[in-house]
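Have a look at the structure below before the remarks.
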Amino acid sequence: MTEEKSLNFIEEIVEDDLEAGKYKNIVTRFPPEPNGYLHMGHATAICLNFGLTKKYGGYTNLRFDDTNPTTEETEYVESIKDDVRWLGFEWKNELYASDYFDTLYGYAVKLISKGLAYVDDSSSDVMAKEKGTPTEPGVDNEFRKRTVEENLRLFEEMKAGKYKDGERVLRAKIDMTHVNMLMRDPIMYRIKHAHHHRTGDKWCIYPLYDFAHGQSDSIENITHSICTLEFIPHRELYNWYIEKLEIFPSKQYEFARRNLSFTVMSKRKLLQLVNEKFVSGWDDPRMPTISAYRRRGYTAEAIRDFCERVGIAKRENVADISLLEFCVREHLNKIAVRRMVVLNPLKIVITNYKDTNYTNKANYTNGENTNYTNKKNGEILEIEDNVENDTLQTTNNKIQTRGVPFSNELYIEREDFMENPPKKYFRLFPGGMVRLKGAYIIKCDEVIKDAAGNVTELHCTYIPESHSGHDSSGIKVKGTIHWVSVPHAETAELRLYDRLFKVEDPSSEEGDFKTYINPDSLQIITAYIEPSLKDALPNTSYQFIRKGYFYLDKDSKPGKLVFNRTVGLRDSWAASSK
RNA sequence: UGUCCCAUAGUAUAAGGGUAGUACAACAGAUUUUGAUUCUGUCUGUCGAGGUUCGAAUCCUCGUGGGACAACCA
């Protein structure tokens, strides 16, 4: 049982630190900025940060990086909390960078006092010029020479609201010629007379990311501060502040952000899709956000499994969306309730089916004894549910069944009939036989067409001895198709989703990423559902047999059911016949 | 013409000087009252050139390719 699961590079760092006795327990944090909804990229970071402390002991804080009052909103805070909880993780402390504004202010005063920070009156244009470029060094300006006393007074006045937005900033005094541009006297505080979602109007100066993030990590004794690759150049500054402030030395480690094929994964771009109405909102089921996946019927297990399987590294990447789909199918196959639904109906009449009495009085709804079907023609068939799912089986270890009404008029899937079938087609065709799932074998005798030559109806005969479960007919058929009894059918709206973009990596294509949006990413149809689905439950995954996994949408109302297709089934026939 | 990061099958990720492995995808077959599931098999890979070494995906050098860095964003 010594299954050596290989570690990712961050786990290796953690194990080394633990082994060296550097820490007793590790502390991580998940630090979203509340300016958008969480997406699959965040899910990776969440699984990493929370997964690490779960595995190695310690805890993870949820910390909102709310240092920019003009873009951040409480709505986002709530959605982020929902998403993290739904993914199955618990944070130790709910914290905000804004909780530390007083401490941060004190830190700034300390740096000023040490001669390591100064107030600069330059305009942003001038500052940008003085900063140089990646290949040319920057130059000092006159304000850099200000005395500690003057800096202290000016910074105090900035805080007191004496100056307008943009009039002055506080900068660290490091080195204007440093090769790392972030070390060329980075701005620590800017003036923004803006209302903050938590501190209200208490402050008119706000720290920037670099003068908030590392310090917040340090205040919380974060041992491993994990972020994405683009923060690599920030690490030097991160360490500089910690060193000069003489505070707890949190360490920053960087991994490559997770991208997904056929979608975009930046909050800026996702916000555009929302604002410009390409989607109905952040949780439109076509979005790669966690709330969208939840609404669509993905499970937290599947998403965690996906994050686990792709792993993490420092190489830029685009993970294959089909792996995510594999993960969700794998989970749903085990838990989803099986039902029959016809998406695109073709009516068939079973000409020799005369039974007008019930041979079986079992009810077919979810436990309620209803006489709903008793007024109609047919019989009730017991059809087994999900054979994969232990919890759906009864105590006698028998597979749970449900009653499904059968009659002489049925809907089958239009694509399950072909007048001129190709070679290995084993569904219905003129003179051909097929099994109706859980019912009888039927034979197609006659094809009825309208004036235009379209097939409108099929006349079939059934084999009475072929009753599912006790078939004595001796007939073997290759195909089994699903069906719904016409007089008993109910209807529901089905929302079928396809990938949001036509290309694998929209961000790397020429021009505006929005030109690659797939115009057919949403298809809405009305389907015929077996009657038990009238009582479909929310938060429950259904497999519409042979058609895919479906999940009740939040737009669903009693009498007006709306299902999202979570993901289709693998379809090797469709794949091979193309 | 700077500094930093990265480079393993189509994709993602292992192998930490000693047989290049796993998953997804693709393909082929078996089973199947879901053309699903399950099972079996096949295919494809170390960016290049040098060097160190008995031995290099791994260490070194130089290339090549990709990415990051000049927001009072995070």
Side-chain angles (χ1 to χ4, degrees), chain A residues 4-8 12 31-33 35 65-68 70-72 97 120 123-124 127-129 131-138 165-171 178-182 184 187-192 206 208-210 212-213 227 229-236 254 256 258 261 267-268 306 309-327 329-330 333-334 338 340 383-384 387-388 424-427 434-439 441 466 468-469 471 477-482 504 543-548 568-577:
Chain A
E4 288 273 328
K5 180 83 174 67
S6 60
L7 305 176
N8 64 50
E12 284 175 4
E33 184 190 8
N35 68 346
D65 237 331
D66 57 351
T67 57
N68 186 357
T70 52
T71 57
E72 293 149 7
D120 192 330
S123 71
S124 55
M127 276 182 53
K129 283 203 187 72
K131 205 159 190 178
T133 69
T135 52
E136 300 159 58
D165 287 10
E167 235 172 69
R168 289 180 214 270
V169 292
L170 182 71
R171 303 175 73 176
H178 204 287
V179 288
N180 182 349
M181 290 204 65
L182 285 160
R184 320 241 262 229
I187 297 171
M188 296 163 59
Y189 269 92
R190 77 287 219 190
I191 299 169
K192 263 184 199 266
Y206 292 94
L208 272 90
Y209 169 85
D210 286 303
H213 198 94
C227 60
L229 252 30
E230 68 267 29
F231 290 97
I232 289 176
H234 293 250
R235 188 173 63 224
E236 194 169 13
E254 311 86 9
R258 176 67 52 211
S261 59
K267 277 196 256 183
R268 205 193 95 249
F306 170 75
R309 282 172 189 261
V310 267
I312 66 146
K314 295 184 80 158
R315 167 165 52 147
E316 275 141 37
N317 60 79
V318 182
D320 198 333
I321 189 81
S322 64
L323 178 60
L324 212 211
E325 293 177 345
F326 167 82
C327 292
R329 284 193 193 106
E330 185 177 60
N333 178 46
K334 294 200 190 86
R338 307 291 136 116
M340 292 198 288
I383 301 184
E384 61 188 24
V387 292
E388 314 280 344
K424 281 169 63 184
Y425 185 84
F426 43 85
R427 277 116 91 153
V434 78
R435 169 163 305 272
L436 297 173
K437 174 76 179 172
I441 293 175
S466 67
S468 182
D471 183 342
V477 291
K478 288 279 273 197
T480 299
I481 64 173
H482 60 281
E504 227 176 271
Q543 187 198 97
F544 294 171
I545 287 178
R546 305 207 303 139
K547 286 282 129 192
L569 259 30
R570 264 190 75 211
D571 190 347
S572 50
W573 168 252
S576 69
S577 56

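Letters A, B, ... are given to chains in the order of the sequence lines, protein chains preceding strands, and every chain is numbered from 1. No hydrogens, no waters, no symmetry mates; every other heavy atom, side chains included, goes into these values.
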Using OP1 and OP2 only, check whether a side-chain N or O of A/Arg546 sits under 4.0 Å from B/rG35.
yes

Under 4.0 Å from OP1 or OP2 of B/rA74: is there any side-chain N or O of A/Thr67 that close?
yes

Rounded off to whole Å, could you give me the CZ-to-C1' distance for the A/Arg190 and B/rC72 pair?
6 Å

Quick one: A/Trp573 CH2 to B/rU34 P, roughly how many Å, whole number?
17 Å

C1'-based separation of B/rA20 from B/rU1 [nearest Å]:
38 Å

With a 3.5 angstrom cut-off on both distances, give the Watson-Crick or G-U wobble partner of B/rA49, or none if there isn't one.
B/rU61

Considering every strand and a 4.0 Å limit on heavy-atom distances, what is the contact class for A/Gly138: base, sugar-phosphate, or nothing?
nothing

Any side-chain heavy-atom pair of A/Arg235 and A/Cys227 under 4.5 Å:
no

In whole Å, what is the span from the CG atom of A/Asp65 to the P atom of B/rC73?
14 Å

Counting any heavy atom closer than 4.0 Å, what does A/Phe426 reach on the DNA or RNA strands: base, sugar-phosphate only, or nothing?
base

Which residue, A/Thr135 or A/Asp165, contacts RNA chain B at a nucleotide closer to its 5' end, judged by nearest heavy atom?
A/Thr135

Taking only the C1' atom of each, what is the distance from B/rC43 to B/rA23 in whole angstrom?
16 Å

Per the atom types in the model, does the base of B/rU34 pair as donor or acceptor with the side chain of A/Thr480 at under 3.5 Å?
no

Measuring from the side chain of A/Phe326 (C-beta onward, heavy atoms only), which nucleotide among B/rU37, B/rU13, B/rC24 has the closest atom?
B/rC24

Considering every strand and a 4.0 Å limit on heavy-atom distances, what is the contact class for A/Val310: base, sugar-phosphate, or nothing?
sugar-phosphate

What does A/Lys424 touch in the nucleic acid at a heavy-atom separation under 4.0 angstrom: a base, only the sugar-phosphate, or nothing?
base

By the Watson-Crick or G-U definition, both distances under 3.5 Å, B/rU22 is matched with B/rA12

Using a 4.0 Å heavy-atom cut-off, does A/Ser322 contact any base of the nucleic acid, only the sugar-phosphate backbone, or nothing at all?
sugar-phosphate

Separation of atom CG in A/Asn8 from atom P in B/rA14, rounded to whole Å
7 Å

Is any side-chain nitrogen or oxygen of A/Arg570 closer than 4.0 Å to OP1 or OP2 of B/rU37?
yes

Which nucleotide, B/rU33, B/rA74, B/rU13, lies nearest any side-chain atom of A/Asn317?
B/rU13

Taking atom P in both B/rA15 and B/rC47, compute the distance separating them and give it to the nearest angstrom.
15 Å

Measure the distance from CG on A/Asp471 to P on B/rU32 and round it to the nearest whole Å.
14 Å

Base, sugar-phosphate, or nothing: which does A/Leu436 touch, judged by heavy atoms less than 4.0 Å apart?
nothing

Could you check A/Ile187 against A/Ile312 and say which one's nearest nucleotide on RNA chain B is further toward the 5' end?
A/Ile312

Determine the contact category for A/Arg329: base if any of its heavy atoms lies under 4.0 Å from a base atom, sugar-phosphate if only primed atoms, P, OP1 or OP2 are that close, otherwise nothing.
nothing

Quick one: NE2 on A/His482 to CD1 on A/Ile383, what's the gap to the nearest 0.5 Å?
12.0 Å

Describe the nucleic acid contact of A/His178 in one word from base, sugar-phosphate, nothing, applying a heavy-atom distance below 4.0 Å.
nothing

Check the distance between B/rA26's P and A/Asp571's CG and give it to me in whole angstrom.
11 Å

With a non-hydrogen cut-off below 4.0 angstrom, is A/Phe544 in contact with a base, only sugar-phosphate, or nothing?
nothing

A/Tyr209 and A/Glu33: CA distance, side-chain angles, deciding distance, side-chain contact (heavy atoms from CB on, under 4.5 Å) verdict:
CA-CA 10 Å; A/Tyr209 169 85; A/Glu33 184 190 8; over 6 Å; no

Please state the C1' separation for the pair B/rU44 and B/rU22 - nearest whole angstrom.
15 Å

Have a look at A/Gly469 and say if it touches a base, only the backbone sugar-phosphate, or nothing, with a 4.0 Å heavy-atom cut-off.
base

Which nucleotide, if any, forms a Watson-Crick or G-U wobble pair with B/rC4, using both distances under 3.5 Å?
B/rG67

For A/Tyr209 and B/rA74, what is the distance between atoms OH and P respectively, to the nearest whole Å?
10 Å

Counting any heavy atom closer than 4.0 Å, what does A/Arg309 reach on the DNA or RNA strands: base, sugar-phosphate only, or nothing?
sugar-phosphate

Under 4.0 Å between any heavy atoms, over every strand shown, what does A/Gln543 touch: base, sugar-phosphate, or nothing? Just pick one.
base

Can you find a side chain N or O atom of A/Lys192 that sits less than 4.0 Å from OP1 or OP2 on B/rC73?
yes

Using a 4.0 Å cut-off on protein heavy atoms (strictly under), produce a 5'-to-3' string for nucleotides 64-70 of chain B with B for base contact, S for backbone-only sugar-phosphate contact, and - for none.
---S-BB

A/Ala313 side-chain proximity, nearest of B/rA23, B/rA14, B/rC72:
B/rA14

Answer with base, sugar-phosphate or nothing: what part of the nucleic acid does A/Val318 contact at a heavy-atom distance below 4.0 Å?
sugar-phosphate

How would you label the contact of A/Ser572 with the nucleic acid (heavy atoms, under 4.0 Å): base, sugar-phosphate, or nothing?
sugar-phosphate

Write down the distance between CG (A/Asn333) and P (B/rU38), rounded to a whole number of angstrom.
6 Å

